[in-house]
Amino acid sequence: MPLNARGRWTARLGLLLAGLLAIGGAGAQPDAPPSASADAFDHYTLALTWHPGFCASRRSPPRECREPRLREAAGEGFVLHGLWPSRPERVAEAGVSRRQWRAEGCFGESPRPDGGFCRAHAPFELPRALAARLDRAMPGRASCLDRHEYAKHAACLAIAPTDYFATALDLLAAVNASAFADFVVIHQGSIVARNDLIAAFEAAFGEGRGRALQLVCAGRGNRRLTEVRIGIRAAALDAFPAAGSLVALRRGRCASRVRVTAVRD
């Protein structure tokens, strides 16, 4: 399952390769691509949306919140936001900070397009079965979220769209099959303690692994659950959801008690 993280990051690298070709002459071959260690990154962040909370937090709800058929998967658990590689080593060597990478990702190389991703990027040509899974599991695809996520988090790492989305969907399925997702679904429409959410995560994924969960909330006082993010070691992606595959993330900013919005709230 691990994704191929080999690829280019900055224009600086492109200029370097061009210079090597010029020095070597027309018949010379460019240096080999960066080694796996240079392209390596530590972990992925699996970002999953609690769709009812996300929609309730938006002043102008997008299409995926307005059309009932696009909300069907929300009744079964979380839906897919994205899968985010952490800062690659070669990106760090180019002087990009972790904060910059989190904010810009691949847009540091190819700037975010004007006019939105539906207009700027063509639809992916995915296998029919995979496309159907993605349509259901990622309601935001109706607003071209899939194109945004791939452009920002995977395109500059030369990860194939098919691999990127198939992996993300498998990880989502594992989370939704867990007792943690069951806890959230059962408590929708209720106000729960933040620590109870963390305890439910640890009961499902391993005692002491609560730091691998980042809770994201919106609204006044950050009291409405909108998303969960889970840290997964890049070298242990195949082992997820085993406890040893998890890695700590930054703490979230949810209040001590949060509302888990119900699908029909």
Side-chain angles (χ1 to χ4, degrees), residues 41-58 73-87 98-99 102 137-140 149 153 167-263 265:
F41 46 86
D42 177 69
H43 69 275
Y44 297 90
T45 298
L46 176 65
L48 304 178
T49 300
W50 181 249
H51 198 58
F54 164 76
C55 292
S57 70
R58 302 297 295 268
E76 303 169 5
F78 297 101
V79 299
L80 180 63
H81 179 170
L83 183 62
W84 308 336
S86 62
R87 182 184 60 165
R98 289 187 178 89
R99 183 175 181 178
R102 285 194 299 267
M138 189 184 220
E149 290 298 296
H153 298 288
T167 299
L169 288 171
D170 287 345
L171 298 172
L172 167 66
V175 174
N176 276 343
S178 73
F180 171 64
D182 289 344
F183 178 89
V184 177
V185 170
I186 290 170
H187 287 85
Q188 60 179 309
S190 304
I191 295 175
V192 301
R194 178 186 61 211
N195 287 345
D196 286 346
L197 287 165
I198 296 171
F201 182 85
E202 291 197 348
F205 294 102
E207 184 177 353
R209 300 294 179 173
R211 288 295 304 277
L213 174 68
Q214 182 185 93
L215 298 171
V216 181
C217 296
R220 186 174 181 180
N222 290 324
R223 294 188 177 95
R224 189 185 296 274
L225 182 68
T226 59
E227 185 164 290
V228 301
R229 298 171 183 171
I230 301 172
I232 307 172
R233 297 183 188 281
L237 200 61
D238 277 334
F240 183 81
S245 69
L246 302 178
V247 63
L249 297 178
R250 295 175 299 149
R251 293 186 182 276
R253 296 184 177 179
C254 290
S256 60
R257 296 184 64 79
V258 301
R259 174 174 292 281
V260 181
T261 308
V263 172
D265 273 6

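As a basis for the values below, the full set of heavy atoms in this structure was taken, side chains included, without hydrogen atoms, waters or symmetry mates.
Annotation: side chain of Arg87 is not in contact with side chain of His43 (no heavy-atom distance under 4.5 Å). Here the side chains of Leu46 and Trp84 are not in contact, with every heavy-atom distance at 4.5 Å or above. Residues Val247 and Ile232 fail the side-chain proximity criterion, which asks for heavy atoms closer than 4.5 Å. Side-chain contact between Ile230 and Leu246 is present, with at least one heavy-atom pair separated by less than 4.5 Å.
The pair Glu227-Arg229 counts as a salt bridge, with a side-chain nitrogen and a carboxylate oxygen less than 4.0 angstrom apart.
Of all heavy-atom pairs spanning Ala255 and Gly221, the tightest one is CB-O, 3.5 Å. In this structure, Gly53 and Arg224 approach most closely via the heavy-atom pair O-CD, 3.5 Å. Residues Thr261 and Ala56 come closest through the heavy atom pair CG2-CB, 4.2 Å. Nearest heavy atom pair, residue Val258 against residue Cys254, reads CG1-CB, 3.8 Å. Annotation for Phe41 and Ser86: closest pair CB-O, 3.4 Å, computed over non-hydrogen atoms. The heavy-atom pair separating Pro52 from Ala262 by the smallest distance is CB-O, 3.4 Å.
Between Phe78 and Phe180, the two ring planes are parallel [angle under 30°; tilted spans 30° to 60°]. In this pair, Phe205 and Phe201 present their aromatic rings tilted. The plane angle is within the 30 to 60° band.
To the nearest 0.5 Å, atoms SG (Cys217) and CZ (Arg253) are separated by 12.0 Å. Interatomic distance, His81 NE2 to Thr226 OG1, rounded to the nearest 0.5 Å: 10.0 Å. Once rounded to the nearest 0.5 Å, the distance linking CG of Leu171 with CG of Leu80 reads 9.0 Å. From Glu202, atom CD reaches atom CZ of Arg209 across 9.5 Å, with rounding to the nearest 0.5 Å. Going from atom CZ of Arg259 over to atom NE2 of His187 covers 13.5 Å, rounded to the nearest 0.5 Å. Here Leu197 contributes atom CG and Leu213 contributes atom CG; the two are 7.5 Å apart, rounded to the nearest 0.5 Å.
Formation of a donor-acceptor pair under 3.5 Å by the Arg223 side chain with backbone atoms of Arg220 is found in this model.
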Test side-chain contact (heavy atoms from CB on, under 4.5 Å) applied to Leu215 and Leu225, step by step: CA-CA 7 Å; Leu215 298 171; Leu225 182 68; 4.2 Å; yes

Intermediate values then yes/no, side-chain contact (heavy atoms from CB on, under 4.5 Å), Arg250 and Gln214: CA-CA 7 Å; Arg250 295 175 299 149; Gln214 182 185 93; 3.7 Å; yes

Candidate pair Leu172 and Leu48, rule side-chain contact (heavy atoms from CB on, under 4.5 Å), full reasoning: CA-CA 7 Å; Leu172 167 66; Leu48 304 178; 3.7 Å; yes

Working for side-chain contact (heavy atoms from CB on, under 4.5 Å), residues Thr167 and Leu169: CA-CA 5 Å; Thr167 299; Leu169 288 171; over 6 Å; no

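A donor atom on one side chain and an acceptor atom on the other are not found under 3.5 Å apart for Gln188 and Trp50.
Counting non-hydrogen atoms of neighbouring residues, nucleotides and ligands closer than 6.0 angstrom, the CZ atom of Arg102 exceeds 12 such neighbours.
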